Amino acid sequence: MLIDSHCHLDRLDLTAHDGSLDAALNAARQRGVGKFLCIGVDAANAHTVKQIAEQHSDVFCSVGIHPLDLSREAPTDLDWLLTALDHPRVVAIGETGLDYHYEPEMAAQQQISFRYHLQAAEQTGKPVIIHTREARADTLALLREADLANAGVLHCFTEDWDMARAALDMGYYISLSGIVTFRNAEALRDVARKVPADRLLVETDSPYLAPVPHRGKPNEPQYVCDVAAFLAEVRGEALEQLWQNTTDNFHRLFPLTL
(Lines give C-alpha, C1' and ligand atoms only; values in the text may rest on other atoms or scores of the structure.)
Protein backbone atom coordinates (compact mmCIF):
# COMPACT_ATOMS: atom_id res chain seq x y z
CA MET A 1 0.00 0.00 0.00
CA LEU A 2 0.90 3.67 -0.17
CA ILE A 3 0.52 6.15 2.69
CA ASP A 4 -0.34 9.84 2.57
CA SER A 5 1.95 10.97 5.36
CA HIS A 6 0.58 14.51 5.58
CA CYS A 7 -2.94 15.69 4.75
CA HIS A 8 -5.45 18.13 6.23
CA LEU A 9 -8.63 16.08 6.03
CA ASP A 10 -10.64 18.69 7.90
CA ARG A 11 -9.87 21.26 5.18
CA LEU A 12 -10.48 19.27 2.00
CA ASP A 13 -12.66 20.68 -0.75
CA LEU A 14 -15.20 17.85 -0.97
CA THR A 15 -17.21 19.28 -3.86
CA ALA A 16 -16.13 16.48 -6.20
CA HIS A 17 -17.28 13.94 -3.59
CA ASP A 18 -20.71 15.41 -2.83
CA GLY A 19 -19.42 16.79 0.44
CA SER A 20 -18.41 13.38 1.76
CA LEU A 21 -15.05 12.83 3.43
CA ASP A 22 -15.75 9.09 3.32
CA ALA A 23 -16.04 9.31 -0.47
CA ALA A 24 -12.75 11.21 -0.75
CA LEU A 25 -11.00 8.62 1.40
CA ASN A 26 -12.57 5.78 -0.59
CA ALA A 27 -11.26 7.32 -3.82
CA ALA A 28 -7.77 7.13 -2.33
CA ARG A 29 -8.27 3.63 -0.98
CA GLN A 30 -9.35 2.43 -4.41
CA ARG A 31 -5.99 3.61 -5.77
CA GLY A 32 -4.08 1.71 -3.08
CA VAL A 33 -3.69 4.31 -0.33
CA GLY A 34 -3.86 2.37 2.91
CA LYS A 35 -3.28 4.97 5.63
CA PHE A 36 -3.57 8.72 6.15
CA LEU A 37 -1.95 11.06 8.66
CA CYS A 38 -4.30 13.98 9.38
CA ILE A 39 -2.35 16.98 10.61
CA GLY A 40 -3.11 19.37 13.43
CA VAL A 41 -2.32 23.04 12.95
CA ASP A 42 -3.81 24.80 15.98
CA ALA A 43 -5.62 24.26 19.26
CA ALA A 44 -9.00 24.76 17.60
CA ASN A 45 -8.68 21.82 15.22
CA ALA A 46 -7.03 19.37 17.63
CA HIS A 47 -10.41 17.92 18.58
CA THR A 48 -11.46 17.71 14.93
CA VAL A 49 -8.45 15.74 13.74
CA LYS A 50 -8.80 13.35 16.67
CA GLN A 51 -12.45 12.85 15.85
CA ILE A 52 -11.66 12.08 12.21
CA ALA A 53 -9.01 9.57 13.28
CA GLU A 54 -11.41 7.94 15.74
CA GLN A 55 -13.98 7.46 13.00
CA HIS A 56 -11.63 5.83 10.46
CA SER A 57 -9.38 2.90 11.31
CA ASP A 58 -6.85 3.86 8.64
CA VAL A 59 -6.56 7.53 9.72
CA PHE A 60 -4.16 8.71 12.39
CA CYS A 61 -3.47 12.28 13.47
CA SER A 62 -1.03 14.75 14.95
CA VAL A 63 -1.61 17.80 17.14
CA GLY A 64 0.39 20.99 17.29
CA ILE A 65 0.51 24.67 16.42
CA HIS A 66 1.61 25.71 12.94
CA PRO A 67 4.06 28.64 13.05
CA LEU A 68 1.63 30.78 11.04
CA ASP A 69 -1.25 29.97 13.40
CA LEU A 70 0.34 31.26 16.58
CA SER A 71 -1.49 33.66 18.79
CA ARG A 72 0.22 37.04 18.86
CA GLU A 73 -0.58 37.33 22.57
CA ALA A 74 0.80 34.09 24.02
CA PRO A 75 3.23 31.36 22.96
CA THR A 76 2.27 27.72 22.71
CA ASP A 77 1.69 26.17 26.10
CA LEU A 78 3.70 23.02 26.85
CA ASP A 79 1.10 21.69 29.28
CA TRP A 80 -1.59 21.99 26.60
CA LEU A 81 0.59 20.13 24.14
CA LEU A 82 1.29 17.27 26.53
CA THR A 83 -2.40 16.93 27.37
CA ALA A 84 -3.48 17.06 23.73
CA LEU A 85 -0.88 14.45 22.74
CA ASP A 86 -2.22 11.96 25.27
CA HIS A 87 -4.62 10.21 22.91
CA PRO A 88 -4.34 6.78 21.24
CA ARG A 89 -4.83 8.13 17.70
CA VAL A 90 -2.26 10.93 18.05
CA VAL A 91 0.99 9.55 16.67
CA ALA A 92 3.01 12.74 16.12
CA ILE A 93 3.58 16.34 17.18
CA GLY A 94 2.93 19.22 14.83
CA GLU A 95 2.99 20.54 12.46
CA THR A 96 5.40 22.95 14.03
CA GLY A 97 8.51 24.80 12.94
CA LEU A 98 9.52 28.17 11.56
CA ASP A 99 8.20 30.25 8.67
CA TYR A 100 9.89 33.60 8.10
CA HIS A 101 8.46 34.04 4.59
CA TYR A 102 5.11 35.43 5.68
CA GLU A 103 5.76 36.58 9.25
CA PRO A 104 9.43 37.37 9.84
CA GLU A 105 8.39 39.70 12.64
CA MET A 106 7.10 36.64 14.54
CA ALA A 107 10.45 34.85 14.50
CA ALA A 108 11.03 35.03 18.25
CA GLN A 109 7.55 33.77 19.10
CA GLN A 110 7.81 31.01 16.51
CA GLN A 111 11.06 29.85 18.07
CA ILE A 112 9.46 29.72 21.52
CA SER A 113 6.62 27.60 20.18
CA PHE A 114 8.98 25.33 18.23
CA ARG A 115 11.03 24.71 21.37
CA TYR A 116 7.87 23.71 23.27
CA HIS A 117 7.02 21.19 20.57
CA LEU A 118 10.53 19.78 20.66
CA GLN A 119 10.35 19.52 24.45
CA ALA A 120 7.05 17.67 24.11
CA ALA A 121 8.71 15.30 21.66
CA GLU A 122 11.50 14.61 24.14
CA GLN A 123 9.00 13.91 26.93
CA THR A 124 6.59 11.75 24.92
CA GLY A 125 8.89 10.07 22.40
CA LYS A 126 6.53 11.02 19.59
CA PRO A 127 8.18 12.36 16.40
CA VAL A 128 7.81 15.95 15.23
CA ILE A 129 6.40 17.09 11.88
CA ILE A 130 8.34 20.17 10.84
CA HIS A 131 7.35 23.04 8.58
CA THR A 132 10.27 25.26 7.56
CA ARG A 133 10.39 28.11 5.08
CA GLU A 134 13.12 30.73 4.74
CA ALA A 135 14.33 29.79 8.22
CA ARG A 136 17.01 27.26 7.38
CA ALA A 137 19.71 28.23 9.88
CA ASP A 138 17.36 28.66 12.85
CA THR A 139 15.46 25.45 12.09
CA LEU A 140 18.64 23.39 11.99
CA ALA A 141 20.02 25.12 15.09
CA LEU A 142 16.93 24.30 17.14
CA LEU A 143 16.92 20.70 15.91
CA ARG A 144 20.56 20.31 16.92
CA GLU A 145 19.81 21.88 20.29
CA ALA A 146 16.94 19.45 20.90
CA ASP A 147 18.97 16.40 19.79
CA LEU A 148 15.91 14.16 19.69
CA ALA A 149 16.36 10.41 19.68
CA ASN A 150 13.21 9.70 17.63
CA ALA A 151 13.56 12.85 15.49
CA GLY A 152 10.77 13.38 12.94
CA VAL A 153 10.22 14.60 9.40
CA LEU A 154 10.73 17.78 7.42
CA HIS A 155 7.43 17.76 5.58
CA CYS A 156 6.69 19.24 2.15
CA PHE A 157 10.40 19.79 1.76
CA THR A 158 11.36 22.69 -0.54
CA GLU A 159 14.87 23.55 0.61
CA ASP A 160 18.21 22.55 -0.93
CA TRP A 161 20.30 19.42 -0.58
CA ASP A 162 22.60 20.98 2.04
CA MET A 163 19.67 21.42 4.41
CA ALA A 164 18.29 17.98 3.59
CA ARG A 165 21.66 16.38 4.27
CA ALA A 166 22.00 18.24 7.59
CA ALA A 167 18.56 17.04 8.67
CA LEU A 168 19.28 13.49 7.52
CA ASP A 169 22.50 13.53 9.53
CA MET A 170 20.41 14.28 12.63
CA GLY A 171 18.10 11.33 11.95
CA TYR A 172 15.23 13.17 10.27
CA TYR A 173 13.18 11.97 7.32
CA ILE A 174 12.39 14.03 4.22
CA SER A 175 8.83 14.12 2.85
CA LEU A 176 8.09 15.31 -0.67
CA SER A 177 4.80 16.65 -1.94
CA GLY A 178 3.34 17.60 -5.31
CA ILE A 179 5.74 20.54 -5.50
CA VAL A 180 8.36 18.12 -6.82
CA THR A 181 6.26 17.75 -9.99
CA PHE A 182 6.16 21.48 -10.73
CA ARG A 183 8.01 22.68 -13.82
CA ASN A 184 10.28 25.07 -11.91
CA ALA A 185 11.27 22.55 -9.20
CA GLU A 186 14.42 21.06 -10.74
CA ALA A 187 16.49 21.85 -7.65
CA LEU A 188 13.98 19.95 -5.55
CA ARG A 189 14.09 17.04 -7.97
CA ASP A 190 17.84 16.94 -7.40
CA VAL A 191 17.13 16.55 -3.68
CA ALA A 192 14.59 13.84 -4.47
CA ARG A 193 17.23 11.83 -6.31
CA LYS A 194 19.65 12.01 -3.38
CA VAL A 195 17.44 11.22 -0.37
CA PRO A 196 18.25 7.69 0.81
CA ALA A 197 15.51 5.16 0.09
CA ASP A 198 15.09 4.42 3.80
CA ARG A 199 14.47 8.08 4.75
CA LEU A 200 11.90 9.19 2.16
CA LEU A 201 8.19 9.85 2.70
CA VAL A 202 5.48 11.00 0.30
CA GLU A 203 2.54 13.28 1.03
CA THR A 204 -0.12 15.45 -0.54
CA ASP A 205 -0.39 18.28 2.02
CA SER A 206 -3.93 18.34 0.66
CA PRO A 207 -5.95 20.43 0.05
CA TYR A 208 -2.89 22.44 -1.01
CA LEU A 209 -0.29 21.96 -3.76
CA ALA A 210 -1.96 19.47 -6.09
CA PRO A 211 0.63 17.67 -8.23
CA VAL A 212 0.80 17.67 -12.01
CA PRO A 213 -1.49 16.70 -13.78
CA HIS A 214 -3.98 18.05 -11.23
CA ARG A 215 -2.29 21.39 -10.59
CA GLY A 216 -4.77 24.21 -10.17
CA LYS A 217 -7.39 21.89 -8.72
CA PRO A 218 -8.07 21.17 -5.04
CA ASN A 219 -5.62 18.57 -3.82
CA GLU A 220 -6.83 15.36 -2.15
CA PRO A 221 -5.25 12.24 -0.64
CA GLN A 222 -5.65 10.03 -3.71
CA TYR A 223 -3.14 12.23 -5.54
CA VAL A 224 -0.33 10.89 -3.36
CA CYS A 225 -0.26 8.13 -5.98
CA ASP A 226 0.70 10.71 -8.62
CA VAL A 227 3.45 12.12 -6.41
CA ALA A 228 4.81 8.60 -5.83
CA ALA A 229 4.73 7.75 -9.54
CA PHE A 230 6.64 10.92 -10.39
CA LEU A 231 9.21 10.29 -7.67
CA ALA A 232 9.78 6.73 -8.81
CA GLU A 233 10.51 7.99 -12.30
CA VAL A 234 12.82 10.76 -11.09
CA ARG A 235 14.71 8.36 -8.83
CA GLY A 236 14.87 5.58 -11.40
CA GLU A 237 13.12 3.14 -9.09
CA ALA A 238 10.36 0.64 -9.63
CA LEU A 239 7.08 2.13 -8.46
CA GLU A 240 6.29 -0.91 -6.33
CA GLN A 241 9.63 -0.55 -4.54
CA LEU A 242 9.04 3.13 -3.79
CA TRP A 243 5.60 2.30 -2.41
CA GLN A 244 7.12 -0.38 -0.18
CA ASN A 245 10.03 1.76 0.97
CA THR A 246 7.94 4.79 1.86
CA THR A 247 5.41 2.62 3.69
CA ASP A 248 8.16 0.93 5.69
CA ASN A 249 9.67 4.33 6.47
CA PHE A 250 6.33 5.69 7.65
CA HIS A 251 5.82 2.79 10.02
CA ARG A 252 9.37 3.09 11.33
CA LEU A 253 8.93 6.80 12.04
CA PHE A 254 5.38 6.51 13.35
CA PRO A 255 5.31 3.09 15.08
CA LEU A 256 1.98 3.83 16.76
CA THR A 257 0.34 3.46 13.32
CA LEU A 258 1.16 -0.28 13.19
Side-chain angles (χ1 to χ4, degrees), residues 1-17 21 23-39 41 59 62 66 68 92 94-95 97 99 101-102 129-134 153-161 163-164 167 172-195 197 199-237 239-243 245-247 249-250 253:
M1 66 175 171
L2 190 61
I3 297 174
D4 187 352
S5 68
H6 193 110
C7 50
H8 301 273
L9 299 180
D10 57 324
R11 298 186 172 192
L12 296 184
D13 182 339
L14 298 172
T15 305
H17 300 284
L21 175 59
L25 293 175
N26 282 332
R29 292 170 183 138
Q30 288 168 11
R31 295 188 64 184
V33 184
K35 290 180 182 177
F36 311 84
L37 184 51
C38 182
I39 305 300
V41 295
V59 176
S62 68
H66 191 288
L68 298 179
E95 62 186 283
D99 189 319
H101 177 75
Y102 289 108
I129 299 169
I130 297 161
H131 170 105
T132 179
R133 187 171 185 189
E134 295 184 17
V153 56
L154 274 63
H155 104 92
C156 194
F157 191 81
T158 57
E159 301 289 343
D160 63 14
W161 172 241
M163 183 175 190
Y172 286 84
Y173 290 68
I174 301 296
S175 182
L176 296 172
S177 70
I179 292 176
V180 76
T181 72
F182 294 178
R183 184 174 60 183
N184 62 349
E186 185 54 46
L188 185 57
R189 286 189 280 277
D190 182 59
V191 172
R193 295 182 188 100
K194 294 177 178 177
V195 176
R199 305 290 283 284
L200 179 67
L201 297 179
V202 289
E203 64 173 89
T204 59
D205 202 11
S206 52
Y208 317 107
L209 306 170
V212 175
H214 311 286
R215 192 172 183 188
K217 302 176 183 177
N219 201 2
E220 56 180 283
Q222 66 166 306
Y223 298 156
V224 72
C225 299
D226 300 284
V227 178
F230 186 89
L231 280 172
E233 182 177 353
V234 164
R235 290 169 61 85
E237 297 176 359
L239 180 58
E240 295 80 2
Q241 190 62 58
L242 186 135
W243 278 42
N245 289 343
T246 55
T247 294
N249 297 343
F250 181 88
L253 180 59

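All residue numbers refer to positions in the sequence shown, counting from 1. Worth saying up front: this structure is predicted, and the values here are computed from it rather than measured.
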- Residues two or more places apart in sequence or in another chain: which of them pass side chain to side chain donor-acceptor pair (under 3.5 Å) with Asn245?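 With sequence neighbours excluded, Asn245 shows a side chain to side chain donor-acceptor pair (under 3.5 Å) to Gln241, given in chain and number order.
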- Message: Restricting to side chain to side chain donor-acceptor pair (under 3.5 Å), what partner residues turn up for Lys217, sequence neighbours left out?
- Response: none
Is a side-chain N or O of [X] found less than 3.5 angstrom from the main chain of [Y], in a donor-acceptor match?
| X | Y | value |
| --- | --- | --- |
| Asp99 | His66 | no |
| Arg235 | Ala192 | yes |
| Arg11 | Pro207 | no |

- Residues that Thr158 engages under side chain to side chain contact (heavy atoms under 4.5 Å, CB included), provided they are two or more places apart: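 Testing Thr158 for side chain to side chain contact (heavy atoms under 4.5 Å, CB included), a comparison that skips the adjacent residues, returns Ile179.
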- Counterpart residues, side chain to side chain contact (heavy atoms under 4.5 Å, CB included), relative to His17 (two or more places apart):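 Listed in chain order: Ala23, Ala24, Ala27, Glu220, Gln222.
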- When rounded to the nearest 0.5 angstrom, what is the spacing between NE2 in His131 and SG in Cys156?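 These two atoms lie 8.5 Å from each other.
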- Query: If you take all heavy atoms of Ala228 and Trp243, which pair is closest and at what distance?
  - Reply: CB-NE1, 4.0 Å
Is any side-chain heavy atom of [X] less than 4.5 Å from a side-chain heavy atom of [Y]?
| X | Y | answer |
| --- | --- | --- |
| Leu154 | Glu159 | no |
| Leu21 | Leu14 | yes |
| Phe36 | Ile3 | no |
| Ile129 | Ser175 | no |
| Leu231 | Leu176 | yes |

- Item | Summary of salt bridge (charged side-chain N to carboxylate O under 4.0 Å, His left out) pairs that have at least one residue in residues 24-36, sequence neighbours excluded | Arg29-Asp58, Arg31-Asp226
- Tell me the salt bridge (charged side-chain N to carboxylate O under 4.0 Å, His left out) pairs involving residues 202-212, sequence neighbours left out?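 For residues 202-212, and leaving out neighbouring residues, there are no salt bridge (charged side-chain N to carboxylate O under 4.0 Å, His left out) pairs at all.
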- Item | Distance-only donor-acceptor check, side chains Asn219 and Thr204, under 3.5 Å | no
